[in-house]
Amino acid sequence: MICRKLPYWSGVGRLVDEQVRCGVRLGLCCLFKKEEISFKTITARTLLNLAAADRPYRLSAVCAANADSLLQAVKAVQRLGIGAFRIMSPLFPRMTHPDVGYRLADLPDGQRIEELLDEVRKWSLSHDIRLSFHPDQFVVLSSPHAAVVANSIRELEYQGWLAEMVGADVINIHGGGVYGDKQGALERFRRVFPTLSPRVRSRLAIENDDNSYTVRDLLPLAERLEIPLVYDVHHHRCLPDGLSVVEATRLAGATWQATGREQYCHISSPRAGWQGGNPKPHADYIDPDDVPACWQGMTMTVDIEAKAKELAVLRLMRDLAEAEMTASGAADPEPVWAGTR
DNA sequence: GCATGTCAAGTTGTG
DNA sequence: CACAACTTGACATGC
């Protein structure tokens, strides 16, 4: 657990000798701005307009391209010194769609796609790139509507399968709707949880949102289910709950410690600033002042939710490194980023 | 080519 | 009541 020589804000904690990573690692969400890596999609309508026999070929091309892009993505992330990557939910588009859903085994290139996923897993493991998923807003385990919950479970199982394939350790979701009765909604969430497969349960995390569920609301559920709580400090600032940032960081951190894993947090900056009206929309970049001072030196993953994507992660890494150098004066003779080029 | 509406899905708050 | 906001583009269509 020696990290004297490593910068606090190292991207990956590029450990050469030590086995134990430490410091904050910054994560990229889903997409790239400048790097020429993109993901394809296909709509249900397009598939339904094709003859059923043609669909697997079309899907296979999309999925193979995306699996390849994912491998390129984790390699790019590693090259840039970024330490984590959130995988976009529709990596295999429409896979759980009721009408046009499919399995990899149905696709002509299914085996090759599986091999690519295995390459992603091996690369990420050997280069310490942490992978995660963040199912979108349609996944609502607290819904009173059975059909919504059933769709949510199906989507979660898809992501759980994929997470296992690529070695991702986090599937992070929100509490969902309130329906006029927050405790009742949380209770529904609690009851659905045991019906999930082990590979989903072991990866599921719950995140405070900017609308309904705060850290304070979710902590009892996280503790009861023994799942970790992803702390989104931007959401917390948009929807305060009486806890300080320091307290929320510590309480959320304890849920990660309880599962023996590295803490996971999110950050973003308001597009129009904190004085400019609605603070919820995300800015292109992160204002370093929005980064909690108490996070410095902590061993955690912080996903950067910013529209400039990898450019925002790189800029924040630079800004924080500079701030640290300034703060420490000439104490550290080595340039902070020497190890990450 | 380029502009524009549409993508499977939920829920809440605002104007 | 329509629409934006949430991890966000990218596809499909029509000019």
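Every chain is numbered from 1, with letters handed out A, B, ... down the list of sequences.
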Using a heavy-atom cut-off of under 4.0 Å over every strand shown, decide if [X] touches base, sugar-phosphate, or nothing.
X	value
A:His145	sugar-phosphate
A:Val178	sugar-phosphate
A:Ser152	nothing
A:Asp136	base

> Using Watson-Crick and G-U wobble pairs whose two distances are both under 3.5 Å, how do you write the pairing of DNA chain B as dot-bracket, with | for links to another strand?
Replying inline: |||||||..||||||
Does OP1 or OP2 of [N] have a side-chain N or O of [X] closer than 4.0 Å?
X	N	answer
A:Lys280	C:dC6	no
A:Arg58	C:dA12	yes
A:Thr41	C:dG9	no

Looking at the side chain of [X], which of [options] is the nearest nucleotide?
X	options	value
A:Thr96	B:dT12, B:dT11, B:dA8	B:dA8
A:Ser38	C:dT13, C:dA10, C:dC11	C:dA10
A:His282	B:dA8, B:dT11, C:dC6	C:dC6
A:His134	C:dT7, C:dC11, C:dA5	C:dT7

>> Between the base of B:dG10 and the ring of A:Phe138 - centre-to-centre under 5.5 Å, planes within under 30° - is that a stack?
In response: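 No; centroid distance or tilt outside limits.
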> Mapping A:Thr43 and A:Asn211 to their closest nucleotides on DNA chain B, which lands nearer the 5' end?
Replying inline: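 Nearer the 5' end of the strand: A:Thr43.
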> Parallel, tilted or perpendicular: which fits the ring planes of A:His266 and A:His134, with parallel below 30° and perpendicular above 60°?
Replying inline: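 Aromatic pair A:His266/A:His134 classed tilted.
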>> Regarding A:Arg203 and A:Asp169, does a basic nitrogen lie under 4.0 Å from an acidic carboxylate oxygen?
In response: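 Salt bridge between A:Arg203 and A:Asp169, a charged N being under 4.0 Å from a carboxylate O: no.
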> Which heavy atom in A:Ser143 sits nearest to a heavy atom in A:Tyr179, and how many Å separate them?
Replying inline: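 Taking every non-hydrogen atom into account, CA-OH, 3.2 Å.
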>> Can you give me the closest heavy-atom contact between A:Val192 and A:Ile153, atom names plus distance?
In response: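 Closest approach of A:Val192 to A:Ile153, heavy atoms only: CG1-CD1, 4.0 Å.
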>> Closest-nucleotide mapping onto DNA chain C: is A:Glu305 or A:Ile42 further toward the 5' terminus? I mean the 5' end.
In response: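 By nearest-heavy-atom nucleotide position, the 5'-most residue is A:Glu305.
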> Side chain of A:Arg45, base of C:dA12: donor and acceptor closer than 3.5 Å?
Replying inline: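 No pair found.
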>> Work out how far the P atom of B:dT6 is from that of C:dA4, and round it to whole angstrom.
In response: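 Straight-line distance between the two P atoms is 12 Å.
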